[in-house]
Colleague: 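Questions regarding the structure given below will be posed in turn.
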2 protein chains.
Amino acid sequence: MSVENDIQVKVKDIFQGYLEEKKHRKTPERFAILNEIYSHAGHFDIDSLYKKMKDKNYRVSRATLYNTMELLISCNLVRKHQFGKNLAVFEKAHQSKQHDHVICNSCGEVMEFCDPRLQKIISTVEDITGYQVIDHSLNLFGTCSKCKIINQ
Amino acid sequence: MSVENDIQVKVKDIFQGYLEEKKHRKTPERFAILNEIYSHAGHFDIDSLYKKMKDKNYRVSRATLYNTMELLISCNLVRKHQFGKNLAVFEKAHQSKQHDHVICNSCGEVMEFCDPRLQKIISTVEDITGYQVIDHSLNLFGTCSKCKIINQ
DNA sequence: TTCACTGCAAACGCTTTGCATATGG
DNA sequence: CCATATGCAAAGCGTTTGCAGTGAA
């Protein structure tokens, strides 16, 4: 609990500092959204975040959610993943290491992994193509263990 | 030329066989679309394909293009890549080995690569997570050599 | 003749935008 | 104060769907 709280305070400080630096307003909505994200585990999409906040009687609009995501992504407190045309997913990113995803085609479950061998592949590709790689996305799609059993 | 022609004939045979097997109709539109794709190099999106065919005075609709893509994907003559929410790209796939992409953020250029080490990563992830991986997408984003020079 | 396929346009789902109102600095 | 943010609803954009007409088998 205390550790949870520490993180809440810490990310609030980071966000506050970022907003001040960039001369953006420190609105209650922005902090409410940050709080909601960091008191909640795992991956989420805009719609479920919207509904969750509506349920708690926050007055918040989707436009503001999208807006605030931009800010949170800019200061590395949130990361965005586009898993398919109509499946954009966000996750809190503070102090979490870069990682990749396995997505279940049946139930939509998302699991994370991190394999250092990927960095070697990227280095090789940079050498061969002359590109300077800034970002990557590696997504594996398939069936999770639960759905494997159900579907058979 | 002759080699190009051979491929055109070969993929037409494959498509024809597939349509017969699945009891789908062999419409002129379907073969016109296949032909257009295979007489054209590299990656393309639906809209540019649509415009290209309109320019040649084919009477074709977007709905039919999307429809036919499904068929061509089913018989492995076309592969689809979703590079971002509003950036779906297709490419001819006959006899080409599975590969991944480096995309230039500045000019949109797409290059391909194939690194066997990725299969090892996938196997490891299957072992750890219990997922059965059916498909993957690895995209590297960055700056191509040309844009590196221009942007500096 | 029949029904899968087609073109066209309207509907979709997520995201962005426009605008009037509210509020942080 | 007033420029930036906000909520709401309308518009955007690639894709999908519904439907009446067409043509492959």
Side-chain angles (χ1 to χ4, degrees), chain A residues 12 15-36 43-75 78 80-90 103 108, chain B residues 12 15-36 43-75 78-90 108:
Chain A
K12 187 185 166 179
F15 196 29
Q16 198 152 331
Y18 171 81
L19 293 176
E20 280 166 10
E21 187 203 334
K22 296 284 181 179
K23 305 233 183 316
H24 289 135
R25 288 188 184 165
K26 286 172 264 175
T27 68
E29 288 84 359
R30 287 174 177 173
F31 289 103
I33 293 166
L34 177 65
N35 223 51
E36 189 57 40
H43 300 76
F44 60 94
D45 58 31
I46 290 288
D47 212 56
S48 60
L49 183 58
Y50 177 74
K51 279 172 187 148
K52 196 166 286 192
M53 295 189 78
K54 277 291 177 190
D55 285 349
K56 295 187 181 175
N57 290 316
Y58 284 114
R59 191 165 172 274
V60 73
S61 71
R62 284 167 218 274
T64 302
L65 287 176
Y66 282 108
N67 239 325
T68 304
M69 285 306 140
E70 290 285 289
L71 298 172
L72 291 171
I73 289 165
S74 293
C75 59
V78 164
K80 180 178 179 178
H81 306 286
Q82 187 80 42
F83 289 144
K85 181 173 189 345
N86 286 337
L87 183 55
V89 163
F90 300 83
I103 301 107
Chain B
K12 187 182 168 181
F15 195 30
Q16 197 152 331
Y18 171 81
L19 293 176
E20 280 166 11
E21 185 203 336
K22 297 284 180 179
K23 307 235 185 310
H24 288 136
R25 288 187 182 164
K26 287 171 265 175
T27 69
E29 288 83 0
R30 288 175 175 172
F31 289 103
I33 292 166
L34 176 66
N35 222 51
E36 190 57 42
H43 300 77
F44 60 93
D45 57 30
I46 291 289
D47 212 57
S48 62
L49 182 59
Y50 177 74
K51 279 172 187 149
K52 196 166 288 193
M53 294 189 78
K54 277 291 178 189
D55 285 350
K56 295 187 180 175
N57 290 316
Y58 284 113
R59 192 166 172 274
V60 74
S61 71
R62 284 168 218 275
T64 302
L65 287 177
Y66 282 109
N67 239 326
T68 304
M69 286 305 139
E70 291 286 289
L71 297 172
L72 291 172
I73 290 166
S74 292
C75 59
V78 163
R79 223 174 264 146
K80 179 180 179 176
H81 306 286
Q82 187 81 42
F83 288 144
K85 181 173 187 346
N86 286 336
L87 183 55
V89 164
F90 300 83

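Quick note on labels: first sequence line is chain A, next is B, and so on, each numbered from 1.
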Colleague: By nearest nucleotide on DNA chain C, pick out whichever of A/Lys26 and B/Arg25 is the more 5' one.
Modeller: B/Arg25

Colleague: What is the distance from CG of B/Asn67 to P of D/dT15, rounded to the nearest Å?
Modeller: 14 Å

Colleague: Starting at NE2 of A/His43, measure out to OG of A/Ser48 and round the result to the nearest 0.5 Å.
Modeller: 12.0 Å

Colleague: Of B/Leu49, B/Ile73, B/Leu65, B/Leu72, which meets side chain to side chain contact (heavy atoms under 4.5 Å, CB included) against B/Phe90?
Modeller: B/Ile73

Colleague: Think A/Thr27 has a side-chain N or O under 4.0 angstrom from the OP1 or OP2 of D/dT6?
Modeller: yes

Colleague: So, OP1 or OP2 of D/dA5: does either fall under 4.0 Å of a side-chain N or O from A/Arg30?
Modeller: yes

Colleague: Measure the distance from CD on A/Glu20 to C1' on D/dT4 and round it to the nearest whole Å.
Modeller: 16 Å

Colleague: Considering heavy-atom distances to DNA chain D, does B/Ala63 or A/Lys54 have its closest nucleotide positioned more toward the 5' end?
Modeller: A/Lys54

Colleague: Just the rounded figure in Å: distance from C1' of D/dT16 to NZ of A/Lys85.
Modeller: 11 Å

Colleague: Distance check, rounded to the nearest 0.5 Å: A/Leu34 atom CG versus A/Lys12 atom NZ?
Modeller: 9.5 Å

Colleague: Quick check: are there more than 12 heavy atoms from other residues, nucleotides or ligands sitting under 6.0 Å from NZ of B/Lys85?
Modeller: yes

Colleague: Nearest-Å distance, CE (B/Met69) to C1' (D/dT16)?
Modeller: 15 Å

Colleague: Can B/Asp55 and B/Lys51 be counted as an ion pair, charged N to O under 4.0 angstrom?
Modeller: no

Colleague: Nearest-Å distance, NZ (B/Lys51) to P (D/dG14)?
Modeller: 9 Å

Colleague: What is the distance, to the nearest angstrom, from the CG atom on A/Leu65 to the C1' atom on D/dC8?
Modeller: 13 Å

Colleague: Nearest 0.5 Å, what's the OG1-CD distance between A/Thr68 and A/Glu36?
Modeller: 13.0 Å

Colleague: Rounded to the nearest angstrom, tell me the gap between atom OH in A/Tyr58 and atom P in D/dC8.
Modeller: 16 Å

Colleague: Considering heavy-atom distances to DNA chain C, does A/Ala88 or B/Glu29 have its closest nucleotide positioned more toward the 5' end?
Modeller: B/Glu29

Colleague: Thinking salt bridges, do B/Glu29 and B/Arg59 make one under a 4.0 Å N-O criterion?
Modeller: no

Colleague: Quick one: how far along DNA chain C does chain B reach, first to last nucleotide 5' to 3', anything under 4.0 Å to a heavy atom?
Modeller: C/dC3 to C/dT15

Colleague: Return the value, rounded to whole Å, for the distance between atom OH of B/Tyr66 and atom P of D/dG14.
Modeller: 8 Å

